[in-house]
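All values below come from the heavy atoms of this structure, side chains included, with hydrogens, waters and symmetry mates left out. In what follows, chains are A, B, ... by sequence order, proteins preceding strands, each numbered from 1.
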Number of protein chains: 2
Amino acid sequence: MFVPTMKSFSNTVEKAVAARLEGRVPAPVKHVEAGQPLFHEGDMANTVFQVIDGVVRTSKLLSNGKRQIISFCYPGDLVGISHDQSYHTECEAVSDVHLRVFRKNAGNIRFGDDPEIVELLLHFAAMEVANMQEHFLMLGCKTATEKVASFLLSLACRSGVPGQLGISVSLPMKRADIADYLGVTIETVSRTITKLKTTGVIFLPDPHNVCITDMEALKSAAEKN
Amino acid sequence: MFVPTMKSFSNTVEKAVAARLEGRVPAPVKHVEAGQPLFHEGDMANTVFQVIDGVVRTSKLLSNGKRQIISFCYPGDLVGISHDQSYHTECEAVSDVHLRVFRKNAGNIRFGDDPEIVELLLHFAAMEVANMQEHFLMLGCKTATEKVASFLLSLACRSGVPGQLGISVSLPMKRADIADYLGVTIETVSRTITKLKTTGVIFLPDPHNVCITDMEALKSAAEKN
DNA sequence: CGAAGTATTGACTACCTTCAAAAATTGTGG
DNA sequence: CCACAATTTTTGAAGGTAGTCAATACTTCG
């Protein structure tokens with residue numbers, strides 16, 4: 001049974017685990033501008049990044065130009081863990097981002113000499129798997145409306161802040177990013193958001209800011225039927 | 001660019017890594033009959049299993065009864081790695097299976113005292129992430145025909161054996177399993193397989209055995225356009 | 001051999017996509 | 001700060017792919 005509660009979408013645990021990395025190994029900070037790549041699929045995977053602020057996206061491309069966005073990474077999240085020599089996704093900054101840079105030992109998935117680091121990385125990878133499993137449910141089982149509603153809910157849990165009219169959520173990514181994350185078209189995303197707006201579930205000050213005015217309605221839209 | 005080559009679908013690396021687990025920690029063997037559960041979502045995650053022979057499936061359920069199959073696990077694969085106290089998927093035997101049983105230390109994701117075990121688990125989890133990323137591409141970007149063709153190709157790479165008429169592949173799972181793995185209906189899977197059969201791409205001795213008679217045609221069906 | 005379960009096939013429908021155009025937003029230079 | 005161009009988002013109309021409902025054929029197993 002899928003109910004996108006605070007718990008299932010929360011990243012407080014991620015943050016706690018990721019925080020333990022700080023200070024254990026040297027980690028210079030890097031700045032990347034919105035739209036710019038961090039790495040490409042196939043690049044040598046010699047660096048793991050931790051998002052400090054901003055949002056990055058990982059994606060895979062099909063030969064016909066279609067794109068699947070795998071994940072949006074928020075502050076605390078790790079990007080770039082690979083089991084072999086090369087990255088398996090594209091990765092770009094959605095907004096301007098600051099990142100902590102962890103260099104891997106030559107060819108080795110762990111970095112530094114601290115064996116506990118490996119355990120932290122394992123913990124994080126296992127969490128990533130759990131998050132991806134939720135994403136699968138969305139791609140395979142849900143209608144367009146359910147997908148968009150679930151997406152807004154998950155963002156609300158990650159980065160929503162209480163405001164005058166309800167939980168206020170920033171949508172730093174473009175409609176095309178949302179579409180490619182949910183496996184629908186830009187038009188469908190736009191139409192669905194409009195529908196949620198006209199039915200009074202959300203308020204849309206501008207295309208990149210959503211206010212959830214009826215949380216219960218949004219939750220039921222996310223698991224309708 | 002997604003071309004389901006032997007490389008992208010091969011599990012030879014998985015097997016090599018998984019093999020290193022053998023003998024390092026006590027691992028009794030368990031037998032589970034086809035259709036029977038190994039564990040349910042929410043169960044205490046105190047065991048990691050390694051498939052010896054047979055096939056198991058992991059899945060997640062929606063409150064409306066819809067199901068998303070996350071993965072089919074073949075010999076060598078690990079099932080049941082979790083970052084917290086409980087399993088995050090359902091898990092059942094597709095066929096009769098033999099499993100190696102690894103008990104975890106209380107609440108700890110690693111088992112045994114060997115720190116290298118943790119590195120192996122991390123390696124495996126990272127591979128699982130890479131595999132799931134390919135699966136995402138299938139769910140989000142592909143048509144029904146492309147999904148079924150890609151699925152048959154991936155099975156061919158995992159368990160196909162050369163035969164008289166081409167690569168022979170066993171389909172131990174039901175049509176409903178394939179449908180829930182690909183995010184389509186049973187009818188669509190059936191119709192698509194029939195189409196591949198009538199166009200001479202595959203031969204179907206019976207519903208659970210496929211012979212790939214035209215590998216190039218199948219590959220192009222998997223990445224058409 | 002018969003019953004239950006599974007797979008295939010058919011007809012119709014609906015949701016989402018595609019193609020196209022208008023509206024709104026963002027960014028840039030004067 | 002405003003104007004204009006480029007990009008992004010929204011909206012509209014038509015069509016197609018896959019879903020739903022229903023019936024038949026095939027397997028499997030007691």
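- Residues in residues 155-177 of chain B take part in no ring-ring contact (aromatic ring centres under 6.0 Å, His included) pair, two or more places apart or across chains.
- Nucleotide dT17(C) holds its C1' atom 14 Å from the CG atom of Asp180(A), rounded to whole Å.
- Here Arg175(B) does not pair with Asp180(B) in a salt bridge; the nearest charged N to carboxylate O distance is not below 4.0 Å.
- Heavy atoms of Gly35(B) sit nowhere under 4.0 angstrom from any nucleic acid atom.
- Between Phe72(A) and Tyr181(A), a ring centre-to-centre spacing shorter than 6.0 Å is recorded.
- Here CE of Met127(A) is found 8.0 Å from CG of Leu78(A). Values are rounded to the nearest 0.5 Å.
- Taking only side-chain atoms of Arg175(B), from C-beta outward, the nucleotide of dT8(C), dT9(C), dT18(C) with the closest atom is dT8(C).
- Rounding to whole angstrom units, CD of residue Glu187(A) and P of dC16(C) are separated by 13 Å.
- Atom CD1 of Ile193(A) and atom P of dA24(C) are 17 Å apart (whole Å).
- For Glu41(A) and Lys60(A), the salt-bridge test passes: some basic side-chain N is under 4.0 Å from an acidic carboxylate O.
- Nearest nucleotide to the side chain of Leu204(B), out of dT6(C), dT18(C), dT8(C): dT8(C).
- By the 4.0 Å N-to-carboxylate-O rule, Lys219(A) lies too far from Asp214(A) to be salt-bridged with it.
- Comparing Arg191(A) and His208(A) against DNA chain D, the residue whose closest nucleotide sits nearer the 5' end is His208(A).
- Val184(A) comes within 4.0 angstrom of sugar-phosphate atoms only, judged by non-hydrogen atoms across all strands, and of no base.
- Once rounded to the nearest 0.5 Å, the distance linking CZ of Arg67(B) with CG of Leu61(B) reads 7.5 Å.
- With the end axes of the helix from dC1(C)-dG30(D) to dG30(C)-dC1(D) each set by five pairs, the angle from one to the other reads 50° at 10° resolution.
- Checked against the 6.0 Å centroid criterion, the rings of His135(A) and Phe136(B) qualify as a close aromatic pair.
- Residue Thr194(B) places its side chain closer to dT9(C) than to any other of dC16(C), dA20(C), dT9(C).
- Here Thr185(A) reaches the OP1 or OP2 of dT17(C): one of its side-chain N or O atoms lies under 4.0 Å away.
- Chain A approaches DNA chain D over the interval dT8(D) to dA13(D), counting the first and last nucleotide 5' to 3' with an atom under 4.0 Å from its heavy atoms.
- The side-chain heavy atoms of Thr58(B) and Val79(B), taken from C-beta on, include a pair separated by under 4.5 Å.
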